Amino acid sequence: MAFLSDTLARVKPSPTIAVTNKARELKEAGRDVIGLGAGEPDFDTPENIKQAAIAAIAAGETKYTAVDGIPALKKAICAKFERENGLHYTPSQITVGSGGKQVLYNALVATLNPGDEVIIPAPYWVSYPDMVLLAGGTPVFVEGKMAAGYKISAADLEAAITPKTKWLIFNSPSNPSGAAYSHEELKALTDVLMRHPHVWVMSDDMYEHLVFGDFTFATPAQVEPGLYDRTLTCNGVSKAYAMTGWRIGYAGGPVDLIKAIGKVQSQSTSNPCSISQHAAVEALNGPQDYIAQSRVAFERRRDLVVAALNACPGITCPTPEGAFYVYPSIAGLIGKTSKGGVQITDDEAFASALLEETGVAVVFGAAFGLSPAFRISYATSDAALTEACARIKAFCEGLE
Ligand SMILES: Cc1ncc(COP(=O)(O)O)c(C=O)c1O
């Protein structure tokens with residue numbers, strides 16, 4: 001449509017939402033569908049958080065607030081960064097937005113000029129490249145190979161940096177691979193960044209609390225204090241406290257950048273929902289037992305899914321350190337034909353045939369920039385996961 005902007009023409013609609021819509025259509029048509037596409041915890045928001053929201057409504061906390069967050073929430077976020085990440089921020093270094101997504105987007109809009117490059121390790125969260133494009137920048141992809149646990153190396157990062165590089169978007173644990181960088185792995189990357197003072201880091205720590213076994217989470221400004229002045233440490237309550245619908249995300253960083261992000265927000269959405277902000281104060285300051293409980297459940301499901309997928313002929317599934325996703329390779333299935341007569345030419349054909357023929361909805365790897373693979377979100381019941389994996393196995397066994 002000629003009326004639409006050139007920028008918009010460069011942006012794709014979200015493929016994860018497309019899969020969810022297709023699965024919904026099939027369900028409405030009476031098919032037995034198991035959706036493994038959605039990236040949100042299947043648990044309910046903890047009761048103490050809901051009660052804080054109800055109390056906020058009763059107390060009349062229903063008006064505009066400061067654009068980038070109420071003082072009580074900024075204080076709670078500072079305490080969180082200090083307690084969990086050893087990072088010292090003052091309230092003037094904190095911004096709060098309507099979800100982590102808005103904070104990341106506003107930060108890109110506030111900083112990118114045409115021609116500016118943003119390094120994005122692949123496989124990546126679907127929104128990063130399109131957000132960079134919408135903000136006028138150029139995404140530069142660096143592939144984290146499966147053999148390397150889907151992580152990039154210091155040499156990979158160094159090779160991607162140019163004089164035009166503005167940001168590295170770093171996401172650990174990762175959506176879609178679940179890969180998380182240890183302190184040592186991350187230090188190797190921050191050492192590279194120390195040699196390139198014009199490159200800033202946007203660290204998306206959304207899945208911080210979902211790490212398994214004895215893995216310890218690390219974030220760039222903590223691992224390399226020398227990067228503190230050029231790091232935006234982004235986080236939110238969506239995944240940590242099962243609050244995806246409440247829309248609260250936040251970041252800590254240098255005052256001037258935080259002010260710039262607030263400026264973008266002041267001319268677009270203004271403050272995030274006042275009631276949700278009060279709920280987020282309770283999430284961060286209140287009892288933290290939900291986090292440990294959800295971690296136990298997700299770790300059990302990860303183990304179940306990894307074992308079941310590795311029993312499928314042609315599928316190889318690495319064991320991720322965190323988040324609630326697995327990212328198996330289907331290199332062993334390319335070129336085969338399904339019982340329904342579909343040739344598996346790529347991961348999109350695989351995901352589409354799997355959905356049509358077995359009712360299991362997954363997201364194809366091309367959407368995340370690394371093929372041939374697919375993503376499963378295991379944020380659903382053990383029973384649904386067991387059944388879905390059995391159907392995937394039967395599908396793979398039926399390929400010729
Ligand atoms: C890596 C990553 N970052 C950010 C977000 C956005 O979270 P929010 O719901 O707080 O906007 C998501 C949500 O799927 C995500 O996977």
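Just so you know, these numbers come straight off a predicted model, no measurement behind them.
Rounding to the nearest 0.5 Å gives a distance of 5.0 Å between CG of Leu133 and CZ of Arg10. Taking CH2 of Trp125 as the start and CG of Asn175 as the end, the distance is 7.5 Å to the nearest 0.5 Å. Here the CG atom belonging to Asp205 is positioned 14.0 Å from the NZ atom belonging to Lys239, to the nearest 0.5 angstrom. Between the CZ atom in Phe215 and the CD atom in Glu321 there is a gap of 5.5 Å [rounded to 0.5 Å]. Considering CG of Leu186 and OH of Tyr181, their distance stands at 9.0 Å, rounded to 0.5 Å. Put simply, CD1 on Ile54 and CD1 on Ile49 are 12.0 Å apart, with the number rounded to the nearest 0.5 Å.
For Phe212 and Phe298, the ring centers sit 6.0 Å or farther from each other.
Contact record, Leu157 with Leu189: CD2-O, 3.7 Å, taken as the closest heavy-atom pair. Here the closest non-hydrogen pair linking Gly253 and Ile258 is O-CG1, 3.6 Å. Closest heavy-atom contact between Pro123 and Tyr150: CD-CD2, 3.9 Å. Contact record, Val237 with Ala280: CG1-CB, 4.2 Å, taken as the closest heavy-atom pair. Here the shortest heavy-atom pairing between Leu309 and Phe374 reads CD2-CZ, 4.4 Å. When all heavy atoms of Met243 and Ala283 are compared, the closest pair comes out as SD-CB, 4.0 Å.
With salt bridges taken as basic N to acidic carboxylate O contacts below 4.0 Å, none links Glu25 and Lys22. Remark: Lys151 engages Glu185 in a salt bridge, criterion side-chain N to carboxylate O under 4.0 Å. With respect to the salt-bridge test (charged N to carboxylate O, under 4.0 angstrom), the residues Asp191 and Lys187 qualify. Between Arg391 and Glu387 a salt bridge is recorded (basic side-chain N to carboxylate O distance below 4.0 Å). A salt bridge does not link Glu299 with Arg295: every distance from a Lys NZ or Arg NE/NH1/NH2 to an Asp or Glu carboxylate oxygen is 4.0 Å or more. The pair Asp68-Lys74 meets the salt-bridge criterion, with a side-chain N (NZ, NE, NH1 or NH2) lying under 4.0 Å from an Asp/Glu carboxylate O.
Side-chain contact check for Val118 versus Tyr128: every heavy-atom pair is 4.5 Å or farther apart. Side-chain contact between Leu108 and Met202 is present, with heavy atoms from C-beta onward closer than 4.5 Å. Residues Pro320 and Tyr327 are not in side-chain contact: their nearest non-hydrogen atoms beyond the backbone lie 4.5 Å or more apart. At least one side-chain heavy atom of Leu168 sits less than 4.5 Å from a side-chain heavy atom of Pro121. The closest side-chain heavy-atom distance from Leu193 to Glu224 is not below 4.5 Å. Side-chain contact check for Glu61 versus Ile70: every heavy-atom pair is 4.5 Å or farther apart. For the pair Thr90/His88, a side-chain contact is recorded, criterion being any heavy-atom separation below 4.5 Å from C-beta on. In this structure, the side chains of Cys396 and Leu333 come closer than 4.5 Å at one or more pairs of heavy atoms.
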Item to check | CA sep, side-chain torsions, deciding dist, call: Lys50, Asp44, side chain to side chain contact (heavy atoms under 4.5 Å, CB included) | outcome: CA-CA 10 Å; Lys50 291 184 182 176; Asp44 198 5; 2.7 Å; yes

Item to check | Test log, rule side chain to side chain donor-acceptor pair (under 3.5 Å), inputs His196 and Glu158 | outcome: CA-CA 9 Å; His196 299 275; Glu158 185 105 49; 2.6 Å; yes

Checklist entry - side chain to side chain contact (heavy atoms under 4.5 Å, CB included) between Lys12 and Val126: does it pass, once the steps are laid out? => result CA-CA 10 Å; Lys12 314 177 290 309; Val126 290; over 6 Å; no

Item to check | Test salt bridge (charged side-chain N to carboxylate O under 4.0 Å, His left out) applied to Glu28 and Arg24, step by step | outcome: CA-CA 6 Å; Glu28 279 165 8; Arg24 187 180 307 119; 5.0 Å; no

Checklist entry - Yes or no on side chain to side chain contact (heavy atoms under 4.5 Å, CB included) for Ile120 and Asn171, after CA distance, side-chain angles and deciding distance? => result CA-CA 9 Å; Ile120 302 176; Asn171 175 220; over 6 Å; no

Checklist entry - So Asn235 and Val103, side chain to side chain contact (heavy atoms under 4.5 Å, CB included) or not? Walk me through it. => result CA-CA 9 Å; Asn235 211 318; Val103 175; over 6 Å; no

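Each of Leu257 and Leu87 belongs to its own hydrophobic cluster when Ile, Leu, Val, Met, Phe, Trp and Tyr are linked at side-chain heavy-atom distances under 4.5 angstrom. In the hydrophobic clustering of this structure, Val360 groups with Phe395; members are Ile, Leu, Val, Met, Phe, Trp, Tyr whose side-chain heavy atoms approach within less than 4.5 Å, directly or through other members. Under the 4.5 Å side-chain contact rule for hydrophobic residues, Trp200 and Ile161 do not share a cluster. By the rule that hydrophobic residues join a cluster once side-chain heavy atoms approach within less than 4.5 Å of another member, Phe324 and Leu304 end up as members of one cluster. With hydrophobic clusters built from ILVMFWY side chains whose heavy atoms lie under 4.5 angstrom apart, Leu112 does not share a cluster with Ile119.
Not a single donor-acceptor pair under 3.5 Å links the side chain of Thr358 to the backbone N or O of Leu355. No side-chain donor-acceptor contact under 3.5 Å links Arg230 to the backbone of Val201. Not one N or O on the side chain of His278 forms a donor-acceptor pair closer than 3.5 Å with the backbone of Leu73. A donor-acceptor contact shorter than 3.5 Å is absent between the side chain of Glu117 and the backbone of Val140. Counting only distance, with no hydrogens or angles, the side chain of Arg302 and the backbone of Thr319 share no donor-acceptor pair below 3.5 Å. Ser274 places no side-chain N or O within donor-acceptor distance of the main-chain N or O of Thr65, the cut-off being under 3.5 Å. At distances below 3.5 Å, at least one donor-acceptor pair connects side-chain atoms of Asp347 with backbone N or O atoms of Ala373. Judged by distance alone, with hydrogens and angles left aside, the side-chain atoms of Ser377 form no donor-acceptor pair with the main-chain N or O of Gly37 at under 3.5 Å.
Side-chain contact annotation: Tyr241 with Gln288, donor-acceptor N/O pair under 3.5 Å present. Residues Thr219 and Asn85 have side chains that never bring a donor and an acceptor to within less than 3.5 angstrom of each other. Side-chain atoms of Thr231 and Thr233 form no donor-acceptor pair, as typed in the model, at a separation below 3.5 Å. Under the 3.5 Å distance criterion, with hydrogens and angles disregarded, no donor-acceptor pair is assigned to the side chains of Asn106 and Lys263. A donor and an acceptor atom, one from each side chain of Thr244 and Glu40, are located under 3.5 Å apart. Side-chain atoms of Asp156 and Ser153 include a donor-acceptor pair closer than 3.5 Å.
Taking the six-membered ring for Trp and thresholds of 30 and 60 degrees, Tyr207 and Tyr325 have ring planes more than 60 degrees apart, a perpendicular arrangement.
More than 12 heavy atoms of other shown residues, nucleotides or ligands fall within 6.0 angstrom of atom CD in Glu47.
Paired with Arg247 under the rule side chain to side chain contact (heavy atoms under 4.5 Å, CB included), one option of Gln102, Lys101, Gln277 passes, and it is Lys101.
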